[in-house]
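Here's a structure for you.
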Amino acid sequence: MTSTPQDGHGRTGRVPAGRAGAEPWRTGAEQAANQAPGGHVPTPGEPPRPVPEHPVGLAVVGAGYWGPKLVRNAQHTPALRLHWLCDLDEAKARAVLGEYSTVGVTGSFRRVLADERVGAVAVATPAGAHYALVRAALEAGKHVLVEKPITTSSAEAEELVELAERRGLVLMCDHTFCYTPVVRRIRELVHGGEIGDVQFFDSVRINLGLVQPDVDVLWDLAPHDLSILDFVLPPGVEPVGVSAQGADPIGAGRACVAYLTVRLSNGALAHCHVNWLSPTKVRTTLIGGSRRTLVWDDLNPQARLAVHDRGVDLTPPDQLTDAIRHRALISYRVGEMVAPALVEQEALRNVMAEFAAAITECRAPLTDGRAGVRVLQLLEAASLSLELGGATVPVGTAARAGAEAR
């Protein structure tokens, strides 16, 4: 049983109704209050959710870089109970847990799926393995949290989303930045109309980073910024086209520096600069609106977010008089800057709490599978644009071209 509310961007998508025996989906005012995934999630600093009577049994798959972080945060989430850490290298998994842990270690994913105590699986493996692992977990009736990207293609991701919806299961993407207090506050300011109409989105994510052996800099770094863009855009505004430019000045065989531009349906532009070769680290995002501009500097813990009451005002044509018609229609507004107070919280702890809450409350998570599909569609369009020398590619074109080729 599923329902089909709209997500935060005005698009419709099914909401998991849970397994057989779960309480039916809410109706009336309660249903309306939960139309947008994430609309129900408390802003950091609010009272915590009540702990369910029966915690959700969890298995983490992957003991590499991200898996241990999931293990640690799952063990500190009262609504979850960790039963397994699964990895082909069992010695590595045991080292993650420690010798006194009561959590089981196994190299068999089948054993995890056969355990009736396990109601959910968190996948933290290389992206190439995501599709097979997530599909097997969903077919076994398990809810799934998967590290980004959800798969290596939007077509595969859509298959998994449809499978989860048919079975009434939660499929959630670990878009970690969306669970930071600063990004949640940005979303509130944008969706609440505090900045007015979105006019531009500009992000810089550069550092002297590790050149990846299997993906270019766009697929390595841009998913962070694209997931944030998808998360904060107001209802009715969505990407319609993507163009990208890249360069490989060190001969790595893949783009190490890239600039990505996303055209939005309201006429605004979103721009992302990603770079593995910068000697300095920069993590900034600017979101300009018709009323205010937001500046997020992730490397400034004292004032991560600044709200500037500065911008450009345009006199509407119907308000022009003969006395001012000869003067410029544009005026500049210079006002105060406010740095909102933010509660420092570990984003991944919020990810695990949201995953458990979506399962127990039988609803769509804040970053559901469809959010993962949308990010992949932007990345695929960017890759096609690189091949075409920077031409603008309509969103979804690359996925359709790939499907036709198959």
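What you see is a predicted model; the values in this text were computed from it and never measured.
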Are any side-chain N or O atoms of Arg187 and backbone N or O atoms of Phe231, one a donor and one an acceptor, separated by less than 3.5 Å?
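Answer holds: yes.
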Is there side-chain contact between Leu58 and Phe355, with at least one heavy-atom pair below 4.5 Å?
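When only atoms from C-beta onward are counted, Phe355 and Leu58 do touch, with a gap below 4.5 Å.
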Taking Ser154's backbone N and O only, do any of them form a donor-acceptor pair with Glu380's side chain (distance below 3.5 Å, no angle check)?
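Between the backbone of Ser154 and the side chain of Glu380 there is a qualifying donor-acceptor contact (under 3.5 Å).
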Taking every non-hydrogen atom, the tightest pair across Leu376 and Pro149:
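Looks like CD2-CB, 3.9 Å.
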Between Phe177 and Arg205, is there a cation-pi geometry (under 6.0 Å to ring centre, at most 45° from the normal)?
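Yes, a cation-pi geometry.
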Charged N to carboxylate O below 4.0 Å: is that the case for Asp248 and Arg254?
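So Asp248 does not pair with Arg254 through a salt bridge.
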Nearest non-hydrogen partners of Ser243 and Thr392, listed with the distance:
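Here Ser243 and Thr392 meet closest at CB-OG1, 3.8 Å.
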With no hydrogens and no angle check, just 3.5 Å: does a side-chain donor-acceptor pair link Ser383 and Trp219?
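Side chains of Ser383 and Trp219: pair found under 3.5 Å.
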With heavy-atom distances below 4.5 Å as the criterion, would you say the side chains of Val198 and Val232 are in contact?
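Answer no - side chains too far apart.
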For the pair Arg291 (side chain) and Gly193 (backbone), establish whether a donor and an acceptor sit closer than 3.5 Å, ignoring hydrogens and angles.
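Checking the backbone N and O of Gly193 against the side chain of Arg291, a donor-acceptor pair under 3.5 Å is found.
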Between Val274 and Asp225, does the side chain to side chain contact (heavy atoms under 4.5 Å, CB included) criterion hold? Intermediate values first, please.
CA-CA 9 Å; Val274 289; Asp225 302 289; 4.3 Å; yes
Between Asp230 (side chain only) and Leu226 (backbone N and O only), is there a donor and an acceptor less than 3.5 Å apart?
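Answer holds: no.
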Do Arg292 and Glu336 meet the salt-bridge criterion of a basic N to acidic O distance under 4.0 Å?
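Salt bridge flag = no for Arg292 with Glu336.
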Is a donor on one side and an acceptor on the other found under 3.5 Å between the side chain of Arg370 and the backbone of Val161?
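Side chain of Arg370 to backbone of Val161, a donor-acceptor pair under 3.5 Å: no, none is there.
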Over 60° means perpendicular and under 30° means parallel, so tell me whether His273 and Tyr259 are parallel, tilted or perpendicular.
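Geometry flag for Tyr259 against His273: parallel rings.
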In terms of side-chain geometry, is the basic nitrogen of Lys69 or Glu147 positioned less than 4.0 Å from the acidic oxygen of its partner?
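No.
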Please determine which of Thr176, Thr125, Asp174 meets the side chain to side chain donor-acceptor pair (under 3.5 Å) test together with Trp66.
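Testing Trp66 for a side chain to side chain donor-acceptor pair (under 3.5 Å) against Thr176, Thr125, Asp174 leaves exactly one candidate, Asp174.
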Give a yes or no answer on whether the side chain of Arg283 reaches the backbone of Ile206 with a donor-acceptor pair at less than 3.5 Å.
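A pair under 3.5 Å: yes.
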Glu139 vs Leu163, test: side chain to side chain contact (heavy atoms under 4.5 Å, CB included). Steps then yes/no.
CA-CA 8 Å; Glu139 289 176 341; Leu163 176 60; 4.0 Å; yes
Minimum heavy-atom distance between Thr180 and Ala347, given as atom pair plus value:
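Taking Thr180 first and Ala347 second, the nearest heavy atoms are CG2-CB, 3.6 Å.
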Just verifying a value: how many Å separate Thr285 OG1 and His271 NE2, rounded to the nearest 0.5 Å?
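Spacing of OG1 (Thr285) from NE2 (His271) equals 12.5 Å.
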Rounded to the nearest 0.5 Å, what's the gap from SG on Cys272 to NE2 on His224? Could you check?
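Between Cys272 SG and His224 NE2, I get 11.5 Å after rounding to 0.5 Å.
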Among side-chain atoms of Tyr179 and Thr367, is any donor-acceptor pair under 3.5 angstrom?
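Looking only at side-chain atoms, Thr367 and Tyr179 do form a donor-acceptor pair, the distance falling under 3.5 Å.
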In terms of side-chain geometry, is the basic nitrogen of Glu159 or Arg135 positioned less than 4.0 Å from the acidic oxygen of its partner?
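Here Glu159 pairs with Arg135 in a salt bridge, since their nearest N and O are under 4.0 Å apart.
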Does the Gln377 side chain pair with the main chain of Val395, one donor and one acceptor, at a distance under 3.5 Å?
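Flag not set: sc Gln377 to bb Val395 has no pair under 3.5 Å.
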What's the spacing between Thr102 OG1 and Gln75 CD if we round to 0.5 Å?
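Thr102 OG1 to Gln75 CD: 8.0 Å, rounded to 0.5 Å.
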Would you confirm whether Asp202, through its side chain, and Leu286, through its main-chain N or O, come within 3.5 Å as a donor-acceptor pair?
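No.
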Heavy-atom pair of closest approach, residues Ala255 and Trp276:
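Closest pair (atom of Ala255, atom of Trp276, distance): O-CZ3, 3.7 Å.
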Which atom pair, heavy atoms only, marks the closest approach of Leu169 to Gly141?
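Minimum heavy-atom separation between Leu169 and Gly141: CD2-O, 3.6 Å.
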Would you say that more than 12 heavy atoms from the other residues, nucleotides or ligands in this model lie under 6.0 Å from the CZ of Arg263, or not?
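For Arg263, atom CZ is not crowded (no more than 12 foreign heavy atoms under 6.0 Å).
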Atom CZ of Arg81: over 12 foreign heavy atoms under 6.0 Å:
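No.
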Just do the side chain to side chain contact (heavy atoms under 4.5 Å, CB included) check on Ile250 and Cys256 with the steps written out, would you?
CA-CA 8 Å; Ile250 62 173; Cys256 297; 3.9 Å; yes
Has Asn266 got more than 12 heavy atoms of other residues, nucleotides or ligands less than 6.0 Å from its CG?
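It does: Asn266 CG has more than 12 such atoms within range.
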Between Asn275 and Leu277, which heavy-atom pair has the shortest distance, and what is it?
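Shortest heavy-atom separation between Asn275 and Leu277 comes out as OD1-N, 2.5 Å.
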Between Glu194 and Arg185, does any side-chain N to carboxylate O distance fall below 4.0 Å?
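The answer is no: the pair does not qualify as a salt bridge.
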Is there a side-chain contact between Leu386 and Leu218, using heavy atoms and a 4.5 Å cut-off?
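With C-beta onward as the side chain, the pair touches.
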With a 4.5 Å heavy-atom cut-off, do Leu145 and Met352 have their side chains touching?
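Yes, at least one pair of side-chain atoms sits under 4.5 Å.
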Okay, side chain of Thr151, backbone of Tyr131: is any donor-acceptor separation there less than 3.5 Å?
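The answer is no, because no donor-acceptor pair under 3.5 Å joins these two groups.
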Mind checking the OG-CG spacing from Ser203 to Asp298? Nearest 0.5 Å is all I need.
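Those atoms lie 12.0 Å apart.
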Keeping the roles fixed (side chain from Gln345, backbone from Asn350), state whether a donor-acceptor pair exists under 3.5 Å.
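Not confirmed, Gln345 side chain does not pair with Asn350 backbone.
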Begin with the C-alpha distance, continue with both residues' side-chain angles, and end with the deciding distance and a verdict on side chain to side chain contact (heavy atoms under 4.5 Å, CB included) for Asn73 and Val351.
CA-CA 9 Å; Asn73 282 278; Val351 170; over 6 Å; no
Step through the shown structure and confirm whether more than 12 heavy atoms of other residues, nucleotides or ligands are within 6.0 Å of CZ on Arg110.
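For Arg110, atom CZ is not crowded (no more than 12 foreign heavy atoms under 6.0 Å).
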